[in-house]
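To start, the structure itself, in structure tokens.
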Protein chains: 2
Amino acid sequence: MTKVKLDDIDLQILAHLQTDGRMTNVDLARQVGISAPPCLRRVRALEESGYIRGYHAEVDAESLGFEVTVFAMVGLASQAESDLVAFEERVRAMPLVRECWMLNGEIDFILKIVARDLAEFQSFLTRELTPAPNVASVKTSFTIRNGKHEPGVPFGLPPRAPRAR
Amino acid sequence: MTKVKLDDIDLQILAHLQTDGRMTNVDLARQVGISAPPCLRRVRALEESGYIRGYHAEVDAESLGFEVTVFAMVGLASQAESDLVAFEERVRAMPLVRECWMLNGEIDFILKIVARDLAEFQSFLTRELTPAPNVASVKTSFTIRNGKHEPGVPFGLPPRAPRAR
DNA sequence: GGTGAAAAGAGGGTTCT
DNA sequence: AGAACCCTCTTTTCACC
């Protein structure tokens with residue numbers, strides 16, 4: 001199931017799809033220098049072996065009315081593995097929490113939270129996050145603006161022309 | 001050019017494409033309950049008005065050999081707007097920096113950094129980030145694991161989003 | 001990996017409400 | 001205006017070499 005090795009073409013495919021996840025298979029094949037059918041076979045294999053976890057439209061949060069993005073640093077009272085997992089599970093059920101990373105050091109988790117407005121965020125913070133079991137401390141930092149937002153991983157793909165359909 | 005208002009169907013389209021950015025237009029049309037051509041027109045309008053900023057494959061960083069994800073809290077010596085912008089510009093040219101958010105409070109920026117290994121990260125930190133102009137302090141937190149990774153915005157629960165059918 | 005062909009989807013034009 | 005039906009061209013996705 002898991003592919004043992006990726007060659008240059010696979011890496012190029014991944015880089016291109018990370019940049020433009022909706023490009024057609026024929027365009028992709030042309031870009032990486034092979035014909036469409038083997039290209040599609042590679043993409044399917046990359047999907048099934050888990051190298052590609054999914055495809056997502058990147059939406060503009062602000063213009064859609066989600067004007068509050070906050071990073072929350074969370075400390076837990078107990079760091080037993082079962083308690084860490086329990087917190088992650090709980091956080092997974094909170095739609096406003098978009099990302100959750102476990103950290104080393106004094107802070108246990110960093111959460112990226114997206115809300116429509118301050119009221120929604122405050123309500124979430126005081127009624128859901130802070131009172132959650134085992135939560136010892138929550139320190140929040142509001143984002144003022146986003147200076148860079150690149151997906152995934154630094155493949156180092158050269159700048160690409162817009163789509164040709 | 002810029003759409004003034006989004007109706008329920010537009011919101012459903014955005015939610016579906018955020019979840020599966022590669023679904024075909026006919027599938028999407030079926031899901032939101034309209035026929036394919038107007039559905040495609042809506043998608044194009046959403047792209048051109050900036051509600052959809054792009055489409056990206058979500059790749060598995062670890063299995064691709066990017067084993068180090070770090071959050072860096074950066075403080076600048078000068079917070080003049082021109083200096084903030086200059087820092088953002090500089091960071092935009094650093095491939096290892098995937099996201100950069102300006103924050104309120106004592107920390108000025110939070111950066112998400114992805115590297116292949118510790119050596120690559122250390123080299124980046126000591127040779128690129130810390131010596132960058134105007135950087136006063138850098139505090140890094142290594143991630144141990146990722147507990148949740150959802151794209152974009154919490155459409156999921158409808159605060160008032162009705163169901164068209 | 002490439003080739004050729006059947007099936008499916010994209011995108012344009014027109015009509016209807 | 002905006003949505004739906006029809007039509008043609010492109011893309012996807014098989015078969016097999």
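Just so it is clear: chains get the letters A, B, ... in the order the sequence lines come, proteins before strands, and each one is counted from 1. The structure presented is a predicted model; accordingly, all values stated were derived computationally and were not measured.
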A/N134 side chain vs A/F87 backbone, donor-acceptor pair below 3.5 Å: no

Spacing between B/R41 atom CZ and D/dG2 atom P, to the nearest angstrom: 10 Å

Length of the CZ-P vector between B/R42 and C/dG11, whole Å: 17 Å

Atom pair distance, as rounded to whole Å: CG in B/D27 and C1' in D/dT11: 15 Å

Interatomic distance where CD1 belongs to B/I34 and P belongs to C/dG9 [whole Å]: 16 Å

Intermediate values then yes/no, ring-ring contact (aromatic ring centres under 6.0 Å, His included), B/F142 and B/F71: CA-CA 6 Å; B/F142 284 75; B/F71 284 91; over 10 Å; no

More than 12 heavy atoms from other groups under 6.0 Å of CG on A/D7: yes

Length of the line joining B/L28:CG and D/dA3:P, which is rounded to integer Å: 14 Å

Atom-to-atom span, CD1 of B/I13 to C1' of D/dA3 - whole angstrom: 13 Å

Nucleotide D/dT12, atom C1' - distance to CE of A/M23 in whole Å: 15 Å

B/E62 and B/R145 ion-paired at < 4.0 Å: no

Nucleotide nearest A/V26 when distance is taken to its side chain, options D/dC14, C/dG1, D/dT11: D/dT11

Closest nucleotide among C/dG1, C/dG11, D/dT13 to the B/L40 side chain: C/dG11

Given D/dC6, C/dA10, D/dT12, the nucleotide with the shortest approach to the side chain of B/T24: C/dA10

Spacing of B/N25 atom CG relative to D/dT11 atom C1', expressed in whole Å: 14 Å

